[in-house]
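Note that the structure is a prediction, hence the values are computed from the model and not measured.
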Amino acid sequence: MATTTTDSVETHQPRRKRTVSTKTIARITGLLYILIFVTAGFSEGFVRATLIIPGDATATAANILASEGLFRLGVASDLIAFSADAVVAVLLYVLLRPVSRTLALVAATLRLIAHPAIASINMLNQFMALQLLTGPEYTTVFSPEQLNALALLLLNAHGYGYLIGGIFFGFHLIVLGYLLYRSELFPALLGVLVVLAAFGYLTESFTFLLVPAYEPIASTIVLVTAVVGEMALALYLVVRGVKTQQPATAEAA
């Protein structure tokens with residue numbers, strides 16, 4: 001009796017490629033950038049500016065205890081901003097790697113170090129300050145005055161950590177500005193404005209480290225340059241996207 005064997009043949013179909021336009025990537029980047037402005041601005045410009053009284057540990061502690069929910073919301077809002085910043089770092093790399101893959105990688109790395117890394121870990125200072133003020137286990141060891149002073153110390157440490165992250169972010173913006181200036185996808189003016197924002201961040205951080213008496217002036221400089229440079233970039237990404245349409249391919253299984 002003859003037997004017939006049938007060989008199984010595997011067929012490999014090529015993976016489909018899904019095209020994502022460069023303009024779409026740019027607009028997603030811009031929307032995330034605006035989300036960062038809103039969330040980080042809420043935390044720094046409203047929550048901490050309202051609750052923390054520089055040099056007054058007692059008043060600061062009273063404000064935080066009276067508005068604990070707002071303080072916690074500020075911490076959560078910052079973490080949302082830093083998470084979005086990690087995605088923005090990657091998307092900017094995708095947009096700008098045609099100019100220079102190496103420099104785009106440098107820019108992305110510096111941004112990832114500045115906010116998703118340094119600034120996120122720095123949030124522990126805020127959380128531990130809240131723990132000191134609200135944790136009953138600490139009241140048996142420290143007096144209320146000591147607890148308030150320690151909490152303010154941690155909040156000040158958070159401010160210093162923010163400035164350290166600002167150094168990395170400033171160098172990131174220098175590289176980013178150069179890439180924007182050289183890119184065919186964006187107007188050169190955006191690159192110039194972003195570089196100005198970079199010097200604002202670096203001026204604030206190094207002024208605090210070297211001549212802290214002038215830190216309020218440096219803070220005003222970074223506020224103006226960052227709003228003009230980074231907001232201009234964010235709005236351009238959302239409204240215009242890019243100057244030319246270039247498809248980016250993403251492989252799908």
(Q) My understanding is that only residues two or more places apart in sequence, or in another chain, count here; which of them pass side-chain contact (heavy atoms from CB on, under 4.5 Å) with Ile113? (A) Thr109, Ile118, Phe168
**Q.** Side-chain heavy atoms of Leu79 within contact of Met123, under 4.5 Å
**A.** yes
Q | side-chain hydrogen bond (donor to acceptor under 3.5 Å, both in side chains) between His115 and Asp85, intermediate numbers included | A | CA-CA 7 Å; His115 289 163; Asp85 223 359; 2.5 Å; yes
Q. Where do Asn63 and Thr50 come nearest, in terms of heavy atoms and distance?
A. ND2-O, 3.9 Å
Q. Does Ser143 reach the main-chain N or O of Gln146 with its side chain, forming a donor-acceptor pair under 3.5 Å?
A. yes
Q | Main-chain N/O of Leu202 paired with Ser205 side-chain donor or acceptor, under 3.5 Å | A | no
Q.
With a 4.5 Å cut-off on side-chain heavy atoms, are Thr29 and Leu92 touching?
A. yes
Q) Any link between Val90 and Leu95 through a network of hydrophobic side chains (Ile, Leu, Val, Met, Phe, Trp, Tyr) touching at under 4.5 Å? A) no
(Q) Out of the candidates Arg48, Gln126, Met128, only one should pair with Leu155 under the side chain to side chain contact (heavy atoms under 4.5 Å, CB included) rule; please name it. (A) Gln126
Q: Would you check if Phe71 and Leu51 make a side-chain contact, meaning some heavy-atom pair closer than 4.5 Å?
A: yes
Q: For Asp78 and Thr39, run side-chain contact (heavy atoms from CB on, under 4.5 Å): C-alpha distance rounded to whole Å, both residues' side-chain angles, the deciding distance at 0.1 Å, then the answer.
A: CA-CA 6 Å; Asp78 260 335; Thr39 51; over 6 Å; no
(Q) Please say yes or no: joined through hydrophobic side-chain contacts below 4.5 Å, possibly via intermediate residues, are Phe82 and Ile80 part of one cluster? (A) no
Q: Could you walk me through whether Glu204 and Ser219 pass side-chain hydrogen bond (donor to acceptor under 3.5 Å, both in side chains), step by step?
A: CA-CA 6 Å; Glu204 181 188 37; Ser219 296; 3.3 Å; yes
Q | Distance, nearest 0.5 Å, that separates CG of Leu31 from CD1 of Ile36 | A | 11.0 Å
Q: Start with the C-alpha gap between Leu132 and Leu154, add the side-chain angles, then the distance that decides, and say whether side-chain contact (heavy atoms from CB on, under 4.5 Å) holds.
A: CA-CA 10 Å; Leu132 278 175; Leu154 288 169; 3.6 Å; yes
Q | Donor + acceptor pair across side chains of Tyr201, Glu230 (<3.5 Å) | A | yes
Q: Report the distance from atom CD1 of Ile34 to atom CG of Leu235, rounding to the nearest 0.5 Å.
A: 5.0 Å
Q. Which atom names give the shortest non-hydrogen contact between Ala114 and Gly165, and what distance separates them?
A. CB-O, 3.4 Å
Q.
Tell me the closest heavy-atom pair linking Ser77 and Ser43, and the distance in Å.
A. CB-OG, 3.2 Å
Q. Under the side-chain contact (heavy atoms from CB on, under 4.5 Å) criterion, do Val211 and Phe206 qualify, and how do the steps go?
A. CA-CA 8 Å; Val211 279; Phe206 282 111; over 6 Å; no
(Q) On a heavy-atom basis, which atom in Ala89 and which in Ala108 lie closest, and how many Å separate them? (A) O-CB, 3.7 Å
Q) Quick one: are Leu176 and Leu173 in side-chain contact, heavy atoms under 4.5 Å? A) yes
Q: Tell me whether the centres of the aromatic rings in Tyr160 and Phe208 are closer together than 6.0 Å.
A: yes
Q: Could you state whether Leu73 and Leu133 fall into the same hydrophobic cluster, counting links through intermediate Ile, Leu, Val, Met, Phe, Trp or Tyr residues with side-chain heavy atoms under 4.5 angstrom apart?
A: yes
Q.
Taking CZ in Arg182 as the centre, count heavy atoms belonging to other residues, nucleotides or ligands within less than 6.0 Å. Is the count above 12?
A. no
Q | Sub-4.5 Å side-chain heavy-atom contact between Val94 and Ile25 | A | yes
Q. Between the main-chain N or O of Ile64 and the side-chain N or O of Ser67, is there a donor-acceptor pair closer than 3.5 Å?
A. no
Q: Measure from NZ or CZ of Arg111 to the centre of the six-membered ring of Tyr33 and say whether it is under 6.0 Å with the direction within 45° of the ring axis.
A: yes
(Q) Within this structure, what is the OG1-CG distance for the pair Thr60 and Leu65, rounded to the nearest 0.5 Å? (A) 10.5 Å
Q. Which word best sums up how the rings of Phe46 and Phe42 line up, parallel for under 30°, tilted for 30 to 60°, or perpendicular for over 60°?
A. parallel
(Q) Which heavy atom of Ala129 sits nearest to which heavy atom of Ala151, and what is that distance? (A) CB-O, 3.6 Å
Q. With a cut-off of 6.0 Å (strictly less than), are more than 12 heavy atoms of other residues, nucleotides or ligands near OH of Tyr181?
A. no
Q: Would you indicate whether the side-chain heavy atoms of Asn122 and Asn125 approach each other to under 4.5 Å?
A: yes
Q: Decide whether Val75 and Leu130 are clustered together by the hydrophobic rule: side chain heavy atoms of Ile, Leu, Val, Met, Phe, Trp, Tyr closer than 4.5 Å, transitively.
A: yes
Q: Would you check if Ile217 and Ile221 make a side-chain contact, meaning some heavy-atom pair closer than 4.5 Å?
A: yes
(Q) If you compare all heavy atoms of Ala197 against all heavy atoms of Ala226, which two are closest, and at what distance to 0.1 Å? (A) CB-CA, 4.0 Å
Q: Verify side-chain contact (heavy atoms from CB on, under 4.5 Å) between Leu179 and Ser100, making sure each step is shown before the conclusion.
A: CA-CA 8 Å; Leu179 291 169; Ser100 169; 4.2 Å; yes
Q.
Treating Thr203 as the side-chain partner and Ala218 as the backbone partner, does any N or O pair qualify as donor plus acceptor under 3.5 Å?
A. no
Q | CG on Leu233 to CG on Leu193, rounded to 0.5 Å | A | 9.5 Å
Q: Please find out if less than 6.0 Å separates the ring center of Tyr138 from that of Phe142.
A: no
Q. Thr220 side chain to Pro216 main-chain N or O, any donor-acceptor pair under 3.5 Å?
A. yes
Q. Is Tyr236 atom OH crowded by more than 12 heavy atoms from other residues, nucleotides or ligands, each under 6.0 Å away?
A. yes
Q | From CG (Leu190) to CG (Leu185), nearest 0.5 Å | A | 11.5 Å
Q: Pick out which of Leu112, Leu32, Leu35 makes a side chain to side chain contact (heavy atoms under 4.5 Å, CB included) with Val88.
A: Leu32
Q.
Using 0.5 Å steps for rounding, measure from the CZ atom of Arg240 to the CZ atom of Phe186.
A. 11.0 Å
Q: Look only at the side chain of Arg97 and the backbone of Leu105, and say whether a donor-acceptor pair between them is shorter than 3.5 Å.
A: no
Q. Do Val239 and Val242 belong to the same hydrophobic cluster, where Ile, Leu, Val, Met, Phe, Trp and Tyr are linked whenever their side-chain heavy atoms lie under 4.5 Å apart, directly or via other members?
A. no
